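Report on the following structure.
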Amino acid sequence: YSGLALLMDVYYPENPNGYGIIHISGSGWTRPLSLDARMLNHPGHVKMEGEMFVEAGYTLFSVNHRAVPRFVYPAAVEDVQRAVRFIRYHAEKYGIDPDNIGAVGGSSGGHLVCMLGALDGNEDLADDTPINRMSAKVQCVVARAAPTNFMVGDIGESFLGVRVSDKPLTLEYKRAQEASPIFHVSADDPPFLLVHGDKDPIVPFVLSEDMYKKLQEMDVPAKIIAIEGGVHGPGVINSPEVKKEMVQWMDQHIKEK
């Protein structure tokens, strides 16, 4: 983007199954401004949220995106959509099926993978290059502690770049609604697995509950895993049982589709 390298790391499985998964780390959509700031897709998050998929045979693409405070919405959404398009365009090079791509992420990364599932994937673009003509919609979503609705609570104002307003005719209201996955859910959306600690003090558990209800209303395959006593952070999915369910969800809706 204007000379800024939008990079990703590719993790290849020992026994590839021919399918790919986008991974987006949680970060609060932000990175420090210092020159020694840690990469967004650092190995800790990849190991927690992605290693089990690589072990199951999926090729994992852990992507970076523009971040707050330098860049606000919709920069991060545009970047992860670009990543899906790029990977889909080069699917043969990566040895994956371009028509069945999954996505996994937690916290702000969970928000972004929800957007990849809920948006149509053919949003207007500034240019019409071959890569940007590809769809940015994924075919399966696994989201942990995802902020699904910026109209609830006070999370995300720095990401949105505005103070959220409850007045419907304001630009602030429209932006918060536009950036919220729950307002984009439609009947053609892919299956969603929502994982959330029921004692999360940062992203309220109700946001996953509401998203689950909205998906059900639209007859979209969905499941919610409530981690009893779970708080925030990728450690909430440390349980082998939860990781197994996440892989099984991806297998069912990507590999076995």
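The analysis underlying the following values was restricted to heavy atoms, covering all of them including side chains, and did not include hydrogens, waters or symmetry mates. Being a predicted model, the structure only gives us computed values, none of them experimental.
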Exercise. What do the steps show when you test Trp29 against His111 for ring pair (Phe, Tyr, Trp, His ring centres under 6.0 Å), and what is the final call?
Worked result: CA-CA 10 Å; Trp29 305 276; His111 162 260; 5.5 Å; yes

Would a single hydrophobic cluster contain both [Y] and [X], if residues Ile, Leu, Val, Met, Phe, Trp and Tyr are joined by side-chain heavy-atom contacts under 4.5 Å?
X	Y	result
Met211	Val138	yes
Val162	Phe159	yes
Tyr11	Met52	yes
Met115	Met218	yes
Val141	Val63	yes

Nearest-0.5 Å distance that lies between atom [atom1] in [X] and atom [atom2] in [Y]:
X	Y	atom1	atom2	answer
Ile182	Gln177	CD1	CD	10.5 Å
Tyr58	Ile254	OH	CD1	7.0 Å
Leu60	Phe53	CG	CZ	8.5 Å
Ile21	Glu49	CD1	CD	12.0 Å
Glu14	Glu55	CD	CD	9.0 Å
Leu116	Asp189	CG	CG	11.5 Å

Lys/Arg N to Asp/Glu carboxylate O, [X] vs [Y], below 4.0 Å:
X	Y	value
Glu172	Lys167	no
Arg66	Glu78	yes
Asp99	Arg88	no

Using the side chain to side chain donor-acceptor pair (under 3.5 Å) rule, pick out the option among Arg85, Gln81, Arg82 that qualifies with Asn132.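 With Asn132 as partner, Arg85, Gln81, Arg82 yield a single side chain to side chain donor-acceptor pair (under 3.5 Å), made by Arg82.
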
Taking all atoms of both residues into account, what is the closest heavy-atom pair of [X] and [Y], and its distance?
X	Y	result
Pro147	Ser108	CD-N, 4.4 Å
Pro221	Trp249	O-CZ2, 4.0 Å
His42	Ser25	N-OG, 4.4 Å
Gly117	Pro190	O-CD, 3.1 Å
Leu207	Val203	CD1-CG1, 3.8 Å
Val236	Gly230	CG2-CA, 3.9 Å

Any donor-acceptor pair under 3.5 Å from [X] side chain to [Y] backbone:
X	Y	value
Glu123	Asp120	yes
Lys137	Asn122	no
His23	Ala103	no
Gln139	Ile101	yes
Thr30	Val68	yes
Asn41	Ser62	yes
Ser180	Phe183	no
Arg31	Arg38	yes
Arg144	Gly109	no
Ser208	His196	no

Student check: side-chain heavy atoms of Phe61 and Ile96 closer than 4.5 Å: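 Yes; the side chains approach each other to less than 4.5 Å.
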
If you count every heavy atom of other residues, nucleotides or ligands that lies below 6.0 Å from [X] atom [atom1], does the total exceed 12?
X	atom1	answer
Glu228	CD	no
Asp188	CG	yes
Arg133	CZ	yes

- prompt: Side-chain donor-acceptor pair under 3.5 Å between Ser107 and His232, yes or no?
  reply: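 Note: Ser107 and His232 side chains meet the donor-acceptor criterion.
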
If you measure only the distance, is there a donor-acceptor pair under 3.5 Å linking the side chains of Tyr19 and Asp251?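 Checked: Tyr19/Asp251 side chains show no N/O donor-acceptor pair below 3.5 Å.
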
Practice item. Check the pair Glu178 / Tyr73 against side-chain hydrogen bond (donor to acceptor under 3.5 Å, both in side chains), numbers first and verdict last. Key: CA-CA 10 Å; Glu178 181 185 282; Tyr73 173 82; 2.7 Å; yes

Practice item. Over 60° means perpendicular and under 30° means parallel, so classify the ring planes of Tyr12 and Tyr94, tilted if in between. Key: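 Answer is tilted, since the angle falls between 30° and 60°.
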
